[in-house]
Amino acid sequence: MAKNKLTYRNNGYWFLLPALLVVAFIFLNPIIRMFLFSLEGWKYLRPTGFNNFENYLALLTDPHFYGTLSNNVIIIIGVVPAVIVISLTFAQAIFGKIPGYSLYTFLFFIPVVLPDIVVAKILTEVLNKAGPLNDFFNWLGLGFLDQDWLGAPGLSLFTIIVSLIWKNIGFALLLFLARLTTVDISIYEAAEIDGASATQKFFFITIPMLASTISVYVVLQVIGLMSFLFSYIHVMTAGGPGYSSTVLEYFIYLNTFRLQEIGVGSAAGMILIVITMIFIYNYLFASRKKAAKAQEIR
Amino acid sequence: MGRKRRITWLELLLQIPFIAYSATILVICFLLVFTPFRSTADLARGILVSPNSFTFDNFADAWRNGLGIAIKNSMTLSLLTCLFTALLGGFAGYAFSFLRFRLRNGLYIFMYSGIYVSTMLIALPLFLQYRQLGLVNSMFGALLIFLGLRLPFSVYLFKNFFDEFSIELIEAARIDGLADLRIFFWIVMPLSVGVLSTVILFNFTAVWSDYLIGLLFLQKDSLMTIMPRIMNIFGSGPMVTQATPLGQGFAGLLVSTIPIIVIYALAKKHYITGLTLGSVKS
């Protein structure tokens, strides 16, 4: 309520203006341009005028486009629940001070902070057909696992998913641990007195306590997987073989910068922006509603 | 807590996934740290074997291939981005938290949305526009993009931090006749070292780790940034064969990781603040 005390001041614009101008130039301006691009025909990087939504029609009749969208969905379904389950288990155990927990928190943080390019490049070398992972499987006598993990059409997407789970565990773990440290310990102690087992504490205290954090994680991760995967995919598979590991973001890159199909690429871009916006506003309004409810309770 | 802890079966069982995951991370660290110091002949035996050579040649070669210049360029861009996002982002956060003006909410939502918009969406239209304006292959042009990309999250962090301030402090300063600019520099900023560290940490790492913007907007040899340069040394494509200069590329990877590790070692606390500010509040 403190906010209402603020006096109306026009100089707010002066404080805001520099940042606003830069952000408008870097975000709003290109997105408006992209919308216009998506309505035009293109030849040699030059627009040839309005073309009756042909770019959108081309997109909707392009089988690669649907494959790309379904890859997006598969990645999200493959990564998000797995990371939640693994990170929750880890978080609960670390919160319970499992032996070695401080070393583990330190180690698990490493994949999160390493630049995407570094992780993707090292993993590419590890997963190489002639790389150490296949050597390891052969040494174990598991020759049937000696596969071209990034180069086989049926495998590349799976490999990307597993490597993304591997990279993102630490991020979710950090969020969950940060929330757990704010939970009142006495709840756990009370449950212990009542004879609750470790599993019961996990399912009936930890998970409900973390529900809102989990939903924050889901939103952040889904947006991350849809919109910020370029360098990862570019280094590991370049969307291939064929289109087998291409996601919408990479599809836009391929169309605009590689195939010079600017119109089609821009139309795909408009679809990504619409999906992103729907996500943000749902998230924004959900958290607003929650904040309002919290105020009422107080 | 003098009570002796009993280790349960469940805890022992849980050690298995903990150890397995740690092992994979250690393998990656081993490759990152040791590969750059191995000779090409040694690397031909495979990357995950005990090294039997020790050389600095890979670093020297990588330097000859432009790694040094790339580090200088990336460092310049990262530091300038930190400086300007701290200043402009701080101003904007101040406006959103302490000043009232028309469209405040709408403008905040606009600013906030920028956090989630894929860089890929702005890449092509900006690239074509930059070509017309002659801003491709210009440090200023790239800096402007990085500022735009990093400002939304910076403003978000500043605003969330400032919202926790007692408004009485600001009002008191106003009654004393202080102008907003003075309040910002004399009162708000000195109390904001924590959030400033968070903003700097995130923005430095983001610009330093950038690949796409550098790849498209700084193509000239003398302007290339570190990640595109490393990929360039590797031979830039995916699916690199053993014949490529693996050691050199890994020298680049290791060098590029050092500032990141140093920063996080110094400021892990601020990283967690950044992740949780506003999102994990109970």
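By convention in this document, chain letters (A, B, ...) are assigned in the order of the sequence lines, proteins followed by strands, and residues within each chain are numbered from 1.
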Worksheet entry | Residues B:F18, A:F108; criterion ring pair (Phe, Tyr, Trp, His ring centres under 6.0 Å); working and verdict | CA-CA 9 Å; B:F18 270 97; A:F108 293 2; 5.7 Å; yes
Please check this pair: side chain of [X] against backbone of [Y], looking for a donor-acceptor N/O pair closer than 3.5 Å.
X: A:Y13; Y: B:R102; result: yes
X: B:Q15; Y: A:G100; result: no
X: B:Y21; Y: A:W166; result: yes

Which of [options] touches chain A most, by non-hydrogen pairs under 4.5 Å:
options: B:I260, B:L147, B:V27; result: B:I260
options: B:A206, B:S154, B:G252, B:G114; result: B:G114
options: B:L87, B:L126, B:I19; result: B:L126

[X] versus chain A, heavy atoms under 4.5 Å apart: side chain, backbone, both or neither?
X: B:A123; answer: both
X: B:L216; answer: side chain
X: B:Y94; answer: side chain
X: B:L128; answer: side chain
X: B:L253; answer: both
X: B:T257; answer: side chain
X: B:R131; answer: side chain
X: B:T24; answer: both

Just how far is it from atom [atom1] of [X] to atom [atom2] of [Y], taken to the nearest 0.5 Å?
X: A:L248; Y: B:S118; atom1: CG; atom2: OG; result: 8.5 Å
X: B:Y264; Y: A:L114; atom1: OH; atom2: CG; result: 10.0 Å
X: B:I226; Y: A:I117; atom1: CD1; atom2: CD1; result: 11.0 Å
X: B:M227; Y: A:K121; atom1: CE; atom2: NZ; result: 13.0 Å
X: B:L124; Y: A:N255; atom1: CG; atom2: CG; result: 10.5 Å

Should we count [atom1] of [X] as having more than 12 external heavy atoms under 6.0 Å?
X: A:F35; atom1: CZ; value: no
X: A:F136; atom1: CZ; value: no
X: B:F84; atom1: CZ; value: no
X: A:F106; atom1: CZ; value: no

Worksheet item: How about A:F15 and B:F96: are their ring centroids closer than 6.0 Å?
Response: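 A:F15 vs B:F96: aromatic centres not under 6.0 Å.
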Pick one of side chain, backbone, both or neither for [X], based on which atoms fall under 4.5 Å of a heavy atom in chain B.
X: A:M277; answer: side chain
X: A:F257; answer: side chain
X: A:L107; answer: both
X: A:F37; answer: side chain

Discussion item. In terms of relative ring orientation, are A:F25 and B:Y130 parallel, tilted or perpendicular, with 30° and 60° separating the classes?
Written reply: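 Ring orientation of A:F25 relative to B:Y130: parallel.
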Worksheet item: Can you pull the side-chain hydrogen bond (donor to acceptor under 3.5 Å, both in side chains) pairs that have at least one residue in residues 20-32 of chain A, sequence neighbours excluded?
Response: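 Pairs touching residues 20-32 of chain A that pass the test: A:N29-A:R33, A:N29-B:Q129.
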Item to complete: With sequence neighbours left out, write down each residue that passes side chain to side chain contact (heavy atoms under 4.5 Å, CB included) with A:F228, or none if nothing qualifies.
Response: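 A:I223, B:T119.
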